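Note that the structure is a prediction, hence the values are computed from the model and not measured. Note that the numbering runs from 1 along the sequence shown for the chain. Side-chain atoms are counted along with the backbone in the values below, which use heavy atoms only and exclude waters and symmetry mates.
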Amino acid sequence: HRDLHSFPTRRSSDLLPQVGAGLAESVHRLNVDTLFGSPFPGIPQHVGPFWVAQGGIQFSAPLDLTLWRRYRAAQTGITAAHAQEMTAREESVLLVVSQYLGCQRAAAEVEAAQSREALAQALYDQAADLQKNGVGTGIDTLRANVQLQNEKQRVIVARTQLETGLFALGRLLSVDPQRKIELADQVQFFDTPDVSADQTLEHAYGTRPELRQISAQVAQAQLGLKAAAEERLPKVTVSGGWLEQGLTPNSAIPVYQYQASLDVPLFTGGRIEAARAKVEIALRQLKQQEHAARDSIALEVKTSIAQLGAARNEVNVANLGVDLARQEVDQARDRFQAGVANNIEVVTAQNELARANDNQIAALYRYNQ
C-alpha cells in the first residue's frame with residue numbers, strides 16, 4: 001500500500017529540478033606534452049602534483065512534455081491498482097462470507113440431526129414399551145432401533161462437517177489454530193425487498209472494481225499513446241553548477257557553469273512507431289476485456305436476481321414441507337400407538353422429515369448466500 005502511494009511521487013520527481021550539493025578534494029598531476037601533442041623546450045614535462053578543493057551546488061531541469069504524460073499515466077495506474085486491490089478484497093470477503101454461511105448450514109444440520117435423533121429415541125422407547133406389554137412386535141422394535149442408529153450416524157457426520165467448516169473459517173480469518181470458534185447467530189430467513197434488474201445492472205457498471213480497473217488502464221494506455229507520439233518533439237535540458245574552487249580553502253573563488261541543450265530526434269530506428277503500435281494493441285485488448293467484463297457482470301446480476309426470487313420461493317415451500325412432515329410423523333406415531341398400523345409408517349415419516357429438514361436448510365443457505 002505504501003509502495004502504491006510512493007509511485008506517483010517518483011514519477012513527479014522526474015518533472016522537478018534536481019539539485020544537489022557536494023564537497024570534494026582532489027590531487028592533480030598533468031602531463032604537459034599530452035596536452036599540446038609535443039614537448040615544448042623550456043617547459044617542464046609535467047605540472048603538479050597540486051591539490052584542488054571545491055564545494056557547492058549543481059542542478060538540472062528537464063523540459064520534456066513526455067515526462068508529464070508519464071506522470072499522469074502513473075497516477076492513473078495508481079487508480080487501477082486500487083481498483084485491483086478492491087477486487088481482491090471483495091473476493092476475500094465473498095470467500096469468508098460463503099464459508100461462514102456454510103458453517104451456519106452445518107450448525108443447522110447438526111441441530112436438525114439431534115432433533116431427529118431425539119425423536120428416533122422416543123419412537124424406539126415407544127416400540128420397546130409396546131413389545132414389553134405384548135402389544136408390539138420384535139420387528140417393530142428392531143426397525144425403530146435401526147432408525148435410531150441411522151439418526152445417530154447422521155449426527156456424527158453433521159458434527160464433523162461443522163468442525164471442519166469452522167477449521168476452514170478460522171484459516172481464512174487467520175485465527176490462532178488453538179482458539180475455538182463459535183457461531184454467534186443461526187441461519188434464518190429475513191425477507192428482502194424486490195430489486196430492479198436494470199437499476200442494479202447500471203449500479204454494477206458504475207461501481208464494480210474490475211470495470212473501474214479496466215477504465216483506469218484504458219486511460220493510462222491513452223496517455224502512454226500520447227507520450228509515445230510526443231517522443232518526436234525536441235527536448236530541452238538546462239543544467240549548471242556554482243562552486244567555490246581553489247588550490248587551498250583560503251584561495252578559493254566562486255566558479256560556475258550554466259548550459260542548455262536542445263535534442264531533436266531525427267531518426268529513431270522505428271522505436272517511436274513500435275511504442276505506438278504496442279500501446280494501440282494494449283488498448284484493443286483492454287476494450288475487449290471491458291466488453292467481456294460487462295457481459296459477465298450482466299450475466300451475474302441477472303442470474304443472481306433470478307436465483308434470489310427462486311430461493312425465496314424455495315424457503316416458503318421448504319417451510320411448508322417441514323410442517324407437513326412433522327404432522328405425518330405425529331399421525332403415524334399415533335396410529336402405531338393405537339395398534340392400527342406397524343411402525344413402517346413411522347419410519348417412512350421419519351425419513352420424509354429428514355428430507356424436509358435438509359430441503360429447508362439448503363433453501364435457507366441458498367437464500368442467505
Criterion salt bridge (charged side-chain N to carboxylate O under 4.0 Å, His left out) on R154 and E151, from CA distance to verdict: CA-CA 5 Å; R154 291 175 181 175; E151 295 300 340; 3.1 Å; yes
Atom pairs and distances, side-chain donor-acceptor, residues 163-178, under 3.5 Å, sequence neighbours left out:
from	atom 1	to	atom 2	distance (Å)
T164	OG1	T160	O	3.0
T164	OG1	Q161	O	3.0
D176	OD1	Q178	N	3.2

Show me the donor-acceptor pairs, under 3.5 Å and distance only, between side chains in residues 199-207 and residues at least two apart or in other chains.
from	atom 1	to	atom 2	distance (Å)
T200	OG1	S196	O	2.6
Y205	OH	R294	O	3.4
T207	OG1	H203	O	2.7

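Minimum interatomic distance between N319 and Q360 (heavy atoms only, all atoms of both residues): OD1-NE2, 2.7 Å. In terms of heavy-atom proximity, E328 sits nearest to A349 at CG-CB, 3.7 Å. The minimum heavy-atom distance linking L353 with R326 is given by the pair CD1-CG, 3.7 Å. Looking at every heavy atom in both residues, L130 comes nearest to Q337 through CD2-NE2, 4.1 Å. Scanning all heavy atoms of the two residues, the minimum distance from A332 to V346 falls at O-CG2, 3.4 Å. Between V315 and A363, the shortest heavy-atom distance links the atoms CG2-O, 3.6 Å.
Remark: the N351 side chain and the Q147 side chain contain an N/O donor-acceptor pair separated by less than 3.5 Å. For Q327 and D323, the side-chain atoms include no donor-acceptor pair closer than 3.5 Å.
A distance of 12.5 Å separates OG1 in T303 from CG in L308, rounded to the nearest 0.5 Å. Atoms OG and NZ, on S261 and K235 in that order, are 11.5 Å from each other to the nearest 0.5 Å. For the atom pair L123 CG and F336 CZ, the distance stands at 8.5 Å (nearest 0.5 Å). Of the inter-residue distances, the one linking Q149 atom CD with E117 atom CD reads 9.0 Å to the nearest 0.5 angstrom. Q307 CD to K302 NZ: the interatomic distance, rounded to the nearest 0.5 Å, is 14.5 Å. Atom-to-atom distance recorded for S304:OG and I297:CD1 is 11.5 Å, nearest 0.5 angstrom.
Annotation for L148: hydrophobic cluster partners, listed by chain and number, are Y124 (ILVMFWY side-chain heavy atoms under 4.5 Å, direct or chained).
Q222 is not listed as a side-chain neighbour of K226, based on a closest heavy-atom distance of 4.5 Å or more. Proximity of Q217 to Q213: side-chain heavy atoms (C-beta onward) are separated by under 4.5 Å at one or more points. Here the side chains of R143 and D140 are in contact, with some heavy-atom distance below 4.5 Å. With a 4.5 Å cut-off on side-chain heavy atoms, I281 and Q285 count as touching.
At a threshold of 4.0 Å, the pair R355-E352 counts as salt-bridged, since one of the basic side-chain nitrogens sits closer than that to a carboxylate oxygen. Electrostatic pairing of D330 and R333 does not count as a salt bridge here, judged by no charged N lying under 4.0 Å from a carboxylate O.
Under the 6.0 Å cut-off for aromatic ring centres, Y256 and Y258 qualify, their centroids lying closer than that.
No donor-acceptor pair under 3.5 Å is formed between the side chain of D129 and the backbone N or O of D125.
A 6.0 Å sphere centred on CZ of R212 holds no more than 12 heavy atoms belonging to other residues, nucleotides or ligands.
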